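So the structure is just underneath, and the comments pick up after that.
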Amino acid sequence: MLLLVPLLSLAAVWAFAAYLASRDALSKYEASTTYDRVGLPGTALIAALEQERSAAAVSVATVGQNHGEVAAARTTTDAAQAAFRRSALSDSARRTMSGTTKQRLDELLRKLDGLTDVRSRIDGGAVDTLGAVNEYNAVADALLRLFGSVVLINDPLIYQQGTAIVDVSTAYEFMLRDNALVTAALAGRVHRLSNPEFIQFRQNADNGRLLFDTGLAVMKPSLRGALDELAASTEFRDFRTLEETIAEGGARASLAPRAERWRSSVTPLATTWSQATNQAGAVLTAEAKPIGDRIMYTLYAAAGFGLLAVALSIAVSILFGRTLARELIGLQRAALVVAGERLPNVIRRLRAGEKVNVDAEVPPVTAGKSSEVTRVAEALTTLQRTAIESAVGEAKLRQGINQVFLNLAWRSQSLLHRQLSMLDTMEKEASDPDALEDLFALDHLTTRMRRHAEGLVILSGAAPARGWHNPVAVRDILRGAIAEVEEYTRVIVDSAAPAALDGSVVADITHLVAELIENATTFSPPPTHVHVRGELAANGYGIEIEDRGIGMNDEELADANRRLEHPPEFDSADGDRLGLFIVGRLAERHGIDVHILTSPYGGVRATILIPLDYIAKDDGAEYEQTWVDEPGPPPWQAWESNPVRPGSIPGPVEPGPAYITGPTRMPGPELEPVSESEDYPDDASAPELPQRIRQASLAPQLRAATPARTPSGTSPATTRPPEETRSLMSSLQQGWQRGREEEDPDE
């Protein structure tokens with residue numbers, strides 16, 4: 001497009017120059033063609049009209065005595081008119097005529113068409129001598145005007161000389177008009193001109209003298225040779241003398257004494273004058289030929305050299321355009337490599353924690369040799385360096401923020417584990433039922449705070465510090481996840497097929513399940529329950545979490561599943577989807593498939609498919625669980641107390657510091673106390689440590705009627721009878737005592 005505009009402009013200039021040159025050449029060609037097709041036949045036609053005019057004037061004056069002469073003259077005129085029409089109306093003549101020539105030709109043809117009517121009126125005696133002469137004069141005037149348009153050519157000299165020849169020809173026509181008047185008067189009885197005829201005679205004489213002298217004065221010497229001889233001849237001088245004598249004699253003077261002298265001078269003069277005029281036209285045509293050739297040479301030069309210049313410009317432009325296009329394409333490819341490969345690769349490596357050498361990653365962009373393209377390539381190199389330096393700086397900033405998150409999380413986890421240990425000690429020593437219940441609530445709150453602290457660790461890109469050597473039963477993992485949810489009483493485990501997961505993934509899966517369960521309880525009405533199911537599948541172990549909430553529309557589901565399948569970079573501005581981000585990050589870390597579907601009940605169903613690689617060969621009940629510190633905080637941030645006891649799972653079943661060491665049923669508002677025979681197989685050796693199940697020691701009617709205790713100051717005081725509370729606490733203390741004696745026989 002940059003080259004197209006100047007090329008079109010150059011082509012337009014060339015076309016205009018060629019048009020100017022061709023217009024002159026075309027005008028020369030048209031003038032030559034028009035002269036051949038119109039001028040030459042028109043000369044024969046005007047000669048025939050002049051002969052018929054003279055015969056018609058005599059016929060009117062003698063009342064038709066020269067009938068044969070008139071008929072012969074009319075026959076000659078008709079033949080000349082037919083030849084003129086064939087030539088002037090041919091296609092070649094019409095194509096070369098100018099608009100003025102066509103207009104004047106049409107006017108002449110209308111006059112020629114009226115000759116029939118003129119002849120009829122002459123034969124019928126309807127016109128006098130002067131009227132008959134004027135009728136033919138009108139046709140002759142139209143023909144002379146046509147001759148004037150034939151010499152219109154774009155050459156001043158040719159036009160000037162052609163106009164001079166036309167003027168001399170018109171003077172010749174005026175002489176013949178006077179001859180017709182005088183001849184008719186001499187053929188009549190009175191031998192004199194009428195007053196109107198005399199006036200016409202004098203006008204013709206004056207106009208003829210003026211046109212002849214003007215045309216001869218303008219004409220070049222090469223054209224006026226024959227005309228100079230004509231002007232110097234005796235016949236011409238006698239004609240001029242007779243014109244003056246008749247004009248001076250007046251209308252009443254007789255023409256008889258001058259009749260013979262008039263005929264002897266005018267008859268040869270008419271022939272000589274016509275020949276001299278034709279000779280001047282032939283000389284002018286010969287002299288115009290070099291001018292026409294020069295016009296054609298100009299046309300060839302303008303067209304040829306102009307076309308060559310245009311072609312050369314196009315070739316150079318195409319060559320330059322292709323070179324520029326190749327350089328720009330190379331620049332485009334370099335930019336695409338930078339934007340599509342180099343920068344994403346650098347950002348990917350930075351996110352993976354690798355160090356990046358900016359100089360090595362920013363090779364100079366080279367594309368073409370044009371100075372403009374080279375400068376753009378240099379600017380692109382600078383842009384690339386700036387982008388990579390910005391990415392490195394952002395990565396360092398992100399790493400710093402992540403390290404801050406990680407340090408805060410480790411500090412918080414350390415404090416929370418110390419708090420859990422202190423709560424455990426306080427619960428063992430507490431004897432007041434109300435105080436014990438408050439401690440249980442604080443224990444549960446601390447457990448939830450520990451999960452949120454682990455969320456900070458996950459956001460920072462590190463792995464939680466909790467871990468287990470031996471497999472852990474799935475049902476224990478579900479209990480631990482439910483225990484980390486605020487509204488755990490609304491969660492019901494419908495079924496959980498026996499299975500155990502590898503200890504290395506227990507902490508992350510527990511956290512993942514807890515996030516989904518808490519999301520289900522948050523977005524569902526308080527009276528409804530959240531149902532959890534677990535079962536073995538062909539491709540792993542599946543866990544379903546289903547709520548009865550408000551659900552999600554198709555667009556929200558698609559967006560949530562896209563985030564779970566391809567977790568984006570953490571954006572602090574997108575804090576309302578923090579749980580979804582944590583679930584996606586944990587699922588991506590271990591190759592776990594998590595999908596969110598619409599529940600038939602109108603809520604949401606989350607499905608978790610744990611790969612087969614993480615499923616142990618048994619259900620995990622036979623292992624003595626051992627806590628493992630995964631690589632995590634530095635030595636100065638090590639855990640200040642063991643967060644869980646040997647044999648524990650990642651969180652308590654009930655709020656409080658008691659840790660489950662064997663398989664038990666999940667607590668819930670509708671579960672009845674269960675004996676060990678209902679939950680353990682016959683060959684299983686279950687520890688004798690009692691379960692800490694809320695209201696498990698109460699009668700069914702009291703357990704259903706008594707609400708759960710909340711921390712002090714947040715709900716009304718309990719209505720549990722002191723005797724029942726004392727009995728429950730006594731049983732719990734005895735169970736703890738037996739458990740400690742079995743764990744440490746030396747105590």
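Since the structure is predicted, the reported quantities are computational estimates derived from the model, not experimental observations.
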Revision key, fill the gap. One should read off an interatomic distance between Glu52 CD and Arg119 CZ, to the nearest 0.5 angstrom, of 4.0 Å

**Study point:** Pair Arg202 + Asp178: basic N to acidic O under 4.0 Å
**Key:** no

Review point. Between Asp559 and Arg563, is there a side-chain N and carboxylate O pair less than 4.0 Å apart?
Key: yes

Review point. Is any side-chain heavy atom of Leu181 closer than 4.5 Å to a side-chain heavy atom of Arg177?
Key: no

Point to revise | Exercise: do Trp262 and Asp238 side chains pair donor with acceptor under 3.5 Å | key: no

Check your understanding: Do Asn204 and Gln200 have side-chain N/O donor and acceptor atoms under 3.5 Å apart?
Key -> yes

Check your understanding: How about Val182 and Val266: do any of their side-chain heavy atoms sit closer than 4.5 Å?
Key -> no

**Study point:** Verdict with supporting geometry, Phe174 and Phe201, ring-ring contact (aromatic ring centres under 6.0 Å, His included)
**Key:** CA-CA 9 Å; Phe174 283 129; Phe201 179 86; over 10 Å; no

Point to revise | Criterion salt bridge (Lys or Arg N to Asp or Glu O under 4.0 Å) on Arg121 and Asp117, from CA distance to verdict | key: CA-CA 6 Å; Arg121 288 189 286 113; Asp117 181 62; 3.2 Å; yes

Practice item. Assign the ring pair Phe236 / Trp273 to parallel, tilted or perpendicular, where the plane angle (0 to 90°) is split at 30° and 60°. Key: perpendicular

Practice item. Check Ala185 against Leu255 and note the closest heavy-atom contact, atom names and distance. Key: CB-CD1, 3.8 Å

Check your understanding: Take atom CD in Gln103; do more than 12 heavy atoms of anything else shown fall under 6.0 Å from it?
Key -> no

Practice item. Decide if atom CG of Asn553 counts as having more than 12 heavy atoms of other residues, nucleotides or ligands within a radius under 6.0 Å. Key: yes

Practice item. Return each pair, listed once, that meets salt bridge (Lys or Arg N to Asp or Glu O under 4.0 Å) where at least one residue sits in residues 378-387; pairs must be two or more places apart or across chains. Key: Asp359-Arg385, Arg385-Glu389

Practice item. Determine, step by step, whether Arg53 and Glu173 satisfy the salt bridge (Lys or Arg N to Asp or Glu O under 4.0 Å) criterion, reporting the C-alpha distance in whole Å, the side-chain angles of both residues, the deciding distance to 0.1 Å, and the verdict. Key: CA-CA 11 Å; Arg53 177 179 57 195; Glu173 166 64 15; 2.4 Å; yes

Review point. Do other residues, nucleotides or ligands put more than 12 heavy atoms under 6.0 Å from Arg333 CZ?
Key: no

Point to revise | Arg85, CZ atom: more than 12 neighbouring heavy atoms under 6.0 Å | key: yes

Review point. Roughly how far, to the nearest 0.5 Å, is CZ of Arg237 from CG of Leu230?
Key: 11.0 Å

Compile the donor-acceptor pairs under 3.5 Å between side chains in residues 214-222 and protein atoms, sequence neighbours left out, one pair per line.
residue: Thr214; atom: OG1; partner: Leu210; partner atom: O; Å: 2.8
residue: Lys220; atom: NZ; partner: Glu287; partner atom: OE1; Å: 2.5
residue: Ser222; atom: OG; partner: Glu287; partner atom: OE2; Å: 2.6

Exercise for review: Calculate, to the nearest 0.5 Å, the distance between atoms CG and CZ belonging to Leu227 and Arg224 respectively.
Suggested key: 8.5 Å

**Study point:** Straight-line distance of Phe239 CZ to Glu244 CD, nearest 0.5 Å
**Key:** 10.5 Å

